[in-house]
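For the numbers below, each heavy atom of this structure counts, side chains included, while hydrogens, waters and symmetry mates do not. Each chain gets a letter, A, B and so on, in the order its sequence line appears, and its residues count up from 1.
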Amino acid sequence: MTPDPNLNPPQREAVLHGAGPLMVLAGAGSGKTRVLTQRIATLVDRGVPSYRILAVTFTNKAAGEMRERLHKLLGERAQGMWVGTFHATCARLLRVHAAAVGLTRDFAIFDDDDQKKLVAAILKELDVSERITPRAVLSRIDRARNAGDDPGALRSRDYIDDVVRRAFPLYAARLLKENAVDFNDLLLKVVDLCHHAEVGPELAGRFRHVLVDEFQDTNLVQYRLVKHFSKEHGNLCVVGDDDQSIYGWRGAEPRNLLDFDRDFPTARVVKLEQNYRSTRVILDAANAVIAKNVDRHAKALWTDRRGGEPVLVEECMDERAEADFVAQGILGLRSQEHRGDGDFAVLYRTHAQSRALEEALRARRIRYRVVGGISFFQRREIKDITEYLRLIVNPQADTAFERVVNVPTRGIGDTTVDKIRAYARGAGVPLLEAARGAVAGAPIGLGAAAQRKLQTFVELIDGLRALVAAGPAVATLVSEIIDRSEYRARLEIEDAVDGPDRVRNLGELVAAAAAFDAEAGEHASLTEFLERVSLTASADDKDGRGECVTLMTIHAAKGLEFPVVFLTGLEEGVFPALREGDGDDDMEEERRLAYVALTRAKDRAILTYARTRRSYDQIRRNAPSRFLVDLPPDAVAVRARRPAPAPVRPAMAPRPARVPDYDDAERAPAADEPVYYLDDEGEDDAVFPRGALVRHRIFGVGEIEQGSGRGPDRKLTIRFPGHGVKTIVARFVERVA
DNA sequence: GTCGTCCCGGGTTCC
DNA sequence: CCGGGACGAC
C-alpha cells in the first residue's frame, strides 16, 4: 500500500500500525477519516480477518463513505467487515441475541415520533394534570437510563420526576409487549448483553480491533460498549476533535475523548494538526473563533496553503436582502471563478432560515437542494404505510394498529377504538385480535355499521397477511398496501394541495423497497426493510450533491467540505442561538459550531448578517454576532452597507475589520431597496385572477374565488361545482380559455 | 364521525 | 407565519 504522504514517519508508524489503545486527536480537515481507513486497510494487510474488525461511525453517510474507501483499498478483502453506526451495529448484534433480553429477532425499532406518541398516550391514561410534554418525559427517561439508573425508581425531586416514575414502567411494558425497542434501548439492550453470562464474554471476544470515528460525539453508553468490545485486547482506536463536539445537547460526552488517556493509561496519543483543506486565511479565522473557548485541548491547526481570499463579512438589511446577496454572490463567483453550483454550500443555524434563501435562489433559477428538514421516512404518508407493514409483520403491534385503523378514514372513530381497547385489555389480547373478535360478534357494544366498517379493515389486514405468506417482494407488498387500503386513491381525491407530492413520495417508497429487494436478493425480509427505514434518517443517499447548491444546517455540514461556504445569520440570538437558562457550556458549543462552519470552506468563506430579521411574524433587530467580533482583522473584509445587490468582487484587498456597532442598526433603510424577485412575480395575478375559470385533473372546471402567495406555489381558492370549495396550488391547475 | 376553528408553541438532530 | 392538537358544530 502506498504510504500516506500526509503523515510524518513517526505518526505513520503510530497511526497505521501497532496494537493497544490509540487516540488520534485530529483537527478539522486533517484527513482523520482517511487515516482511520488506512489503519483498517493496514490491519487487513497484516492478516487480521476483516470480520474481526469493527469500525463505528456517527452517521450512515460516513459509514457508507468508509465502506466505499475500504472497498477501493482492499477490494474483496473488505467483505464481511463491520462498518456502521452504533445503532446499526447494535441492531445486528441484538437480532442474533434477541432471546437473551426477552425479544424475538423480529423486534421493531421505534423512532422519535413513535416514542412521543406512545408517551403521549400513557400520559393521557395517567391523567397527568399539569402540562407536561412527552418530549420532556422522554428526555428524563433517557437521561436516567444513560446514567445507568432505572427511571421507574427515580427519586422525585419535582412533579415531572414523579410523572416519569409512573410513566416509565408503562412505557417499557408497552415496548416489550410490542416486541419493540427505542433508539436508546437498542444500545442499552446490548449493554445488558454485555453483562449476560454467556453472551457477554462472546461479545468481548468477537472483534480483534475496534475503531471509532467522531469519538467526541459518543455518549457514555456508547463508550461503555466499545470498552466492552475491546476489553480483552485493548485494541481500541478512537479518532476525534473536541473542537467539533456539537452534540452535547443530546448526550455526547467530549470527555470520552479528552479523558481517554486517563481510562487507558497505556494509550498512544497522536495529534494531527495540519489542515489540508482550507486556505490560511480561513484557518486563521476559525482558530481565532475557537481560541475563546476555555474547555478544550489546545490545538493549533496550520496549513501549507498560503494566503487566500479574505473572509468576507456582509451586512444586509434583512433576511431577504441577505438571501439576495447570497444568490447574487453565487452568480458572480460562478462566472468570475468558473465555479459549478456544486461548489457552493449555504449554511445556517436553523432550518427555518432556509426559506428566504430558497426563494432568492429560485427567483434566479439557481438549482439547489436542501439537506435535512423533515426526513423522507418521517413523512406522514410514508410512516402510515410502514406502520401498515409493521402491523402485518407483527399482529401484536398495538401502536401500529391504532395508527392505521382509520387511515385513510374509514369511519372507525375514537368511540369504536375505545371499545376495542377495553375489550382487548379485558381479554388480554392485542388490538387486532380484539377487532377480529368484535367482527366475529363479540358483544362489545358495536353497532352494525361500526362492525361492518371494522370488518373491512380486519379483512384488509388479513388479506395482506395472507399475501405475505406467499413470500412476495417487499416492493410488491408495499404497493399492495397502498392500493388495497385505498390510501393513494383517497390522497388523489381529497388532498388537492399536498396530494400530488404525497403520491410521488409513495412512489419513492415503492422504489426504495424495490432497491432493497434488489440488494437483499432472495433473502429480503420485511423486518430488515423496516429496520432500514428506522435507521435511515435522510433519503438523500443518492449522494446527489451533483451540480446544485447545497443548503443545510451547520450540524448537517459536519464532515463535509466545499470550495465556497456562505455562512448566514450571524446575529446574536440567531447564531449564537441561546435560550434562557443556557450557560457558558452552551455558548462554548455554539462557538464550536462556528468553528465547524468555518472549517468546511476550502477557498472562500462569506459571512452574512441581517440587521433585522423576521421570525414568527415579528421583525426583530439583532446585534451582529459576537463571532464576527472575534475574527482577526487582517483576515477579514467587511462591507457594512451596499447600495444594491452586486456580484461579489473577486479580489478585494483586506482591510481592518470594522466591528459593526449598534449605531448602524439605527440608520434608516436606504431608498434604494434591493430588488428581491426578478421574474414571474405579479404575473400570476394576471394568469389566475379572481373569477377566472381553471381546470383541475380531478375536480374538473372551477372558478377562482381568491388567491394568495406568488409563483408556482401560489394558493388558489377555487369553487368547483359539485365538489365545493378547494384550496389548490396554482401549478396543479390550468387556465381555461 | 368528520370537519372547521381556535390556541399554542416553535433550536440544533444524529441513530 | 406555520403546524398540530383540542374542542365545538353539523
Phosphate oxygens OP1/OP2 of dG1(B): is one of them under 4.0 Å from a side-chain N or O of R410(A)?
no

5'-most contact on DNA chain B (nearest-nucleotide basis), D414(A) vs W249(A), goes to D414(A)

Please name the pair of heavy atoms, one in A62(A) and one in T57(A), separated by the smallest distance, quoted to 0.1 Å.
CB-CB, 4.0 Å

Have D111(A) and S534(A) got a donor and an acceptor in their side chains that come within less than 3.5 Å?
no

Between D113(A) and K116(A), is there a side-chain N and carboxylate O pair less than 4.0 Å apart?
no

Closer than 4.0 Å, any side-chain N/O of H351(A) to the OP1 or OP2 of dT13(B)?
yes

Show the nearest heavy-atom pair for residues L535(A) and A91(A), with the distance to one decimal.
CD1-CB, 4.2 Å

Below the 4.0 Å mark, does dC14(B) have OP1 or OP2 next to a side-chain nitrogen or oxygen of T85(A)?
no

Can you tell me if N60(A) touches the phosphate of dC15(B), counting only side-chain N or O atoms and a distance under 4.0 Å to OP1 or OP2?
yes

Whether T416(A) contacts dG1(B) is assessed here as follows: a side-chain N or O lying under 4.0 Å from the phosphate OP1 or OP2. Is that the case?
yes

Mind calculating the distance between CG (D585(A)) and C1' (dT12(B)) to the nearest angstrom?
16 Å

base_contact_polar (dC15(B) base, D112(A) side chain, donor-acceptor, <3.5 Å):
yes

Closest to the 5' end of DNA chain B, once T409(A) and M552(A) are matched to their nearest nucleotides, is T409(A)

In whole Å, what is the span from the OH atom of Y247(A) to the P atom of dT12(B)?
12 Å

dT13(B), dG11(B), dC14(B): which one has an atom nearest the side-chain heavy atoms of T350(A)?
dG11(B)

Looking at N406(A), does any N or O in its side chain come under 4.0 Å of the phosphate oxygens OP1/OP2 on dT2(B)?
yes

Figure out the CZ/P separation between R92(A) and dC15(B), and round it to whole Å.
18 Å

Side-chain N,O (T415(A)) to OP1/OP2 (dG1(B)) below 4.0 Å:
yes

What is the distance, to the nearest angstrom, from the NE2 atom on H555(A) to the C1' atom on dG11(B)?
9 Å

Any side-chain heavy-atom pair from V289(A) and R591(A) closer than 4.5 angstrom?
yes

Using a heavy-atom cut-off of 4.0 Å across all strands, would you classify R355(A) as base, sugar-phosphate, or nothing?
sugar-phosphate

Just compare dC2(C), dT13(B), dC15(B) and give me whichever is closest to any side-chain atom of T59(A).
dC15(B)

Among the nucleotides dT2(B), dC15(B), dC2(C), whichever has the atom closest to the side chain of H87(A) is dC15(B)

How many Å lie between NZ on K116(A) and C1' on dG9(B), as a whole number?
12 Å

Atom pair distance, as rounded to whole Å: CG in D113(A) and C1' in dT13(B):
14 Å

Under-4.0 Å salt bridge between R390(A) and E387(A)
yes

Classify F86(A) by what it touches in the nucleic acid, base, sugar-phosphate, or nothing, heavy-atom distance under 4.0 Å.
nothing

Tell me whether the side-chain N or O atoms of E590(A) pair up with the base of dG11(B) as donor and acceptor below 3.5 Å, since no angle test is needed here.
yes

In whole Å, I'd like the distance from the CZ atom of R613(A) to the P atom of dG11(B).
15 Å

